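Since the model is a prediction, treat every value here as computed from it, not as a measurement.
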Amino acid sequence: MYPSKDIILTADYHLRNIEVRQFNGATGEEKTFNTPTQRERIEAFVDRAVLEATAQGGRVVFIMESTTGWARMKDLLRDRVEFFLCNVLQMPLPPKGRRRKTDKIDTGRMQREYLNGSLPRAYQPLRELRELRRLVGLREDLVERRTAVRNWITSYLSHETWESTGGLWTKKGKERLERFVEAGGLDGFSVGVRVRELDALDGYLADVEEKMLALYRQCPDAQRIDRIRGIGPLGALVVYARIGRAERFADAEKLVSYAGLAPGVFESDDTRRSGRIGGGGTDAILRRYLIQASVWAREIPRYVKTYERALARRGKKVARLVVCRMLLRSLYKMLRDGVEFDPAPAAAA
């Protein structure tokens with residue numbers, strides 16, 4: 001029996017319904033129920049659990065995963081429960097784990113790992129950082145949508161007309177597009193709609209980037225990151241937003257893994273080989289910005305020798321990944337200790 005008088009509420013949160021598994025540490029009783037994702041319903045079953053736990057001299061532990069909805073759930077429950085946000089991506093898969101998945105199985109796994117003391121906690125960024133991440137994500141989304149619209153127009157002109165697509169997004173290129181739209185026809189109408197959509201996206205993107213630059217000027221950590229060659233003001237703010245508090249990582253290698261820059265490892269007996277980078281639970285946005293920055297960072301004196309050595313042994317792609325990992329270790333120290341970046345070689349420093 002669980003050596004506590006606590007009541008454990010393990011929730012699998014969804015937009016319409018929540019699957020809840022309730023375990024009473026004093027009696028060993030366990031039950032599951034499903035309730036609509038409504039404020040009154042949630043407060044009702046939590047209040048019942050609090051009364052029961054208080055009567056037996058325990059507390060209520062509320063467990064949920066860090067995918068969606070956790071911020072408003074935490075704000076709703078406040079100090080009535082001990083809120084435990086878990087990282088299910090770090091949980092080991094059970095045997096035949098991909099063959100059967102239900103909400104009840106998910107809550108059972110989370111509860112079992114918690115009772116065993118091995119349920120991994122998830123990072124809970126403050127509201128300001130969550131808002132900054134949403135702003136950064138908005139810019140990423142607008143850039144992707146703008147690229148998609150440009151590709152549609154380029155593809156149409158390349159396959160349906162003999163119009164040149166060179167310099168299409170310059171001032172003269174847009175004038176060519178306007179003449180094509182004015183020529184009329186259904187295709188002219190369709191292209192005109194795409195052009196207006198592109199103009200709107202450019203306007204939205206300009207507004208978002210202006211807001212990001214204003215936040216950059218108020219963020220000393222982002223300004224320190226910007227002093228590294230290859231990372232501009234917007235990129236520095238993105239990197240800061242994606243990393244957050246450096247102290248949440250036990251060491252720099254944990255941050256490297258979070259960014260998806262640590263190679264996978266496949267080991268059996270005396271055989272060991274490295275796999276691909278990335279994988280589930282890694283930050284693809286952070287990784288992309290670091291890889292882009294490595295084009296210039298590989299020329300920083302601190303990284304030149306290591307880059308050239310890796311270039312000779314493994315080629316350009318792997319060498320740039322090595323620089324990315326070194327750059328991320330430098331960023332970790334900068335954010336953790338609040339120091340400036342030193343571009344000089346390590347021996348000279």
- Can you list the steps and then say if R72 with Y13 is a side-chain hydrogen bond (donor to acceptor under 3.5 Å, both in side chains)? CA-CA 11 Å; R72 71 170 184 171; Y13 176 98; 2.7 Å; yes
- Task: Verify salt bridge (charged side-chain N to carboxylate O under 4.0 Å, His left out) between E197 and R194, making sure each step is shown before the conclusion.
- Result: CA-CA 5 Å; E197 182 182 4; R194 293 293 188 180; 3.4 Å; yes
- Item | side chain to side chain contact (heavy atoms under 4.5 Å, CB included) between M334 and I228, intermediate numbers included | CA-CA 11 Å; M334 291 168 58; I228 301 176; 3.8 Å; yes
- Message: Under the criterion salt bridge (charged side-chain N to carboxylate O under 4.0 Å, His left out), I'd like the reasoning laid out for R48 against E52: C-alpha separation, chi angles, the key distance, then a yes or no.
- Response: CA-CA 6 Å; R48 287 196 299 269; E52 187 177 352; over 6 Å; no
- Query: Under the side chain to side chain contact (heavy atoms under 4.5 Å, CB included) criterion, do L328 and R325 qualify, and how do the steps go?
  - Reply: CA-CA 5 Å; L328 202 50; R325 289 194 279 269; 5.7 Å; no
- Start with the C-alpha distance between E30 and I8, add both sets of side-chain angles, then the distance that settles side chain to side chain contact (heavy atoms under 4.5 Å, CB included), and finish with yes or no. CA-CA 9 Å; E30 183 176 315; I8 315 299; over 6 Å; no
- Task: Please test S118 against N116 for side-chain hydrogen bond (donor to acceptor under 3.5 Å, both in side chains), starting from the C-alpha separation and ending with a verdict.
- Result: CA-CA 6 Å; S118 56; N116 291 335; 4.9 Å; no
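When the options T102, N34, T10 are evaluated for a side-chain hydrogen bond (donor to acceptor under 3.5 Å, both in side chains) with E19, the one that passes is N34. With H14 as reference, D103 is the one residue of D103, T68, T37, T67 to meet the side-chain hydrogen bond (donor to acceptor under 3.5 Å, both in side chains) rule.
Pairing each heavy atom of F249 with each of Y332, the nearest pair is O-OH, 3.1 Å. For A259 against T282, the heavy-atom pair with the smallest separation is C-CB, 4.2 Å. The shortest heavy-atom contact between L129 and G244 is CD2-CA, 3.6 Å. Contact between R329 and A252 at its shortest, heavy atoms only, is CG-CB, 4.0 Å. Of all non-hydrogen atoms in L119 and M110, the two that sit nearest each other are CD2-O, 3.7 Å. The two atoms that bring A293 and L327 nearest to each other are CB-CD2, 4.3 Å, heavy atoms only.
Side-chain atoms of T107 come within 3.5 Å of backbone N or O of K104 as a donor-acceptor pair. Formation of a donor-acceptor pair under 3.5 Å by the D6 side chain with backbone atoms of R59 is found in this model. The closest donor-acceptor contact from the side chain of D251 to the backbone of K254 lies under 3.5 Å. No donor-acceptor pair under 3.5 Å is formed between the side chain of S66 and the backbone N or O of L85. With hydrogens and angles ignored, the 3.5 Å screen pairs no side-chain donor or acceptor of R150 with any backbone N or O of L168. A donor-acceptor pair is defined here as one N or O able to donate and one able to accept, closer than 3.5 Å; no such pair exists between the side chain of D141 and the backbone of G137. Checked by atom type and distance alone, the side chain of R21 never pairs as donor or acceptor with a backbone atom of T32 at under 3.5 Å. Not one N or O on the side chain of R146 forms a donor-acceptor pair closer than 3.5 Å with the backbone of D202. At least one donor-acceptor pair closer than 3.5 Å links the side chain of S294 to the backbone N or O of I291. With R336 contributing its side chain and K333 its backbone, the two residues share no donor-acceptor pair below 3.5 Å.
Side chains of Q56 and I7 form a contact here, defined as non-hydrogen atoms less than 4.5 Å apart. Side-chain contact between V20 and F62 is absent, with no heavy-atom pair separated by less than 4.5 Å. Contact of the V136 side chain with the Y240 side chain is not registered, since no non-hydrogen atoms from C-beta on lie closer than 4.5 Å. Looking only at side-chain heavy atoms (C-beta outward), L237 and L132 come within less than 4.5 Å of each other. Looking at V208 and L142, their side chains come closer than 4.5 Å, going by heavy atoms from C-beta outward. Residues L135 and L215 are in side-chain contact: their nearest non-hydrogen atoms beyond the backbone lie under 4.5 Å apart. In this structure the side chain of I300 never reaches within 4.5 angstrom of the side chain of V323, judged on heavy atoms. With a 4.5 Å cut-off on side-chain heavy atoms, V195 and E178 do not count as touching.
We find the OH-CG distance between Y204 and L201 to be 7.5 Å, quoted to the nearest 0.5 Å. Atom-to-atom distance recorded for E247:CD and D337:CG is 8.5 Å, nearest 0.5 angstrom. In this structure, the separation between CE on M212 and CG on D207 is 13.0 Å, given to the nearest 0.5 Å. Atom-to-atom distance recorded for T54:OG1 and K5:NZ is 12.5 Å, nearest 0.5 angstrom. In this structure, CD in Q111 is found 9.5 Å from CD in Q22, a value given to the nearest 0.5 Å. Within the model, atoms NZ of K317 and CG of L311 stand 13.5 Å from one another, a figure rounded to the nearest 0.5 Å.
Because its NZ or CZ atom is both nearer than 6.0 Å to the ring centre of Y258 and within 45° of the ring axis, R248 counts as a cation-pi partner of that residue.
Using a 4.5 Å cut-off between side-chain heavy atoms of Ile, Leu, Val, Met, Phe, Trp and Tyr, with links allowed through other members, V181 and V193 fall into different hydrophobic clusters. Hydrophobic clustering of Ile, Leu, Val, Met, Phe, Trp and Tyr side chains at less than 4.5 Å, counting indirect connections, keeps I105 apart from I63. Under the 4.5 Å side-chain heavy-atom criterion for Ile, Leu, Val, Met, Phe, Trp and Tyr, I225 and V238 are members of the same hydrophobic cluster. There is a path of hydrophobic side-chain contacts, each under 4.5 Å, that joins V143 to L234. The hydrophobic clustering, which links ILVMFWY residues whose side-chain heavy atoms are closer than 4.5 Å, places V61 and L77 apart.
Between E308 and R298, no side-chain nitrogen of the basic residue sits less than 4.0 Å from a carboxylate oxygen of the acidic one, so the salt-bridge criterion is not met. For the pair R134 and E131, the salt-bridge criterion is not met [side-chain N within less than 4.0 Å of a carboxylate O]. Look at D47 and R80 and you find a salt bridge, because one of the NZ, NE, NH1 or NH2 atoms lies within 4.0 Å of a carboxylate O, short of that distance. Note on R287 versus D283: no salt bridge recorded, every NZ/NE/NH1/NH2 to OD/OE distance being 4.0 Å or above.
Here F83 pairs with nothing under the ring pair (Phe, Tyr, Trp, His ring centres under 6.0 Å) rule; sequence neighbours left out.
With hydrogens and angles left out, the side-chain atoms of Y303 and S330 include a donor and acceptor closer than 3.5 Å.
Residue pairs meeting the side-chain hydrogen bond (donor to acceptor under 3.5 Å, both in side chains) criterion with at least one member in residues 211-223, sequence neighbours excluded: Y216-D226, D221-R224.
Counting heavy atoms of neighbouring residues, nucleotides and ligands inside a 6.0 Å radius, atom CZ of F189 does not exceed 12 of them. Within 6.0 Å of CZ in R227 there are more than 12 heavy atoms belonging to other residues, nucleotides or ligands.
Ring centroids of F84 and Y114 are separated by less than 6.0 Å, placing the two rings close together.
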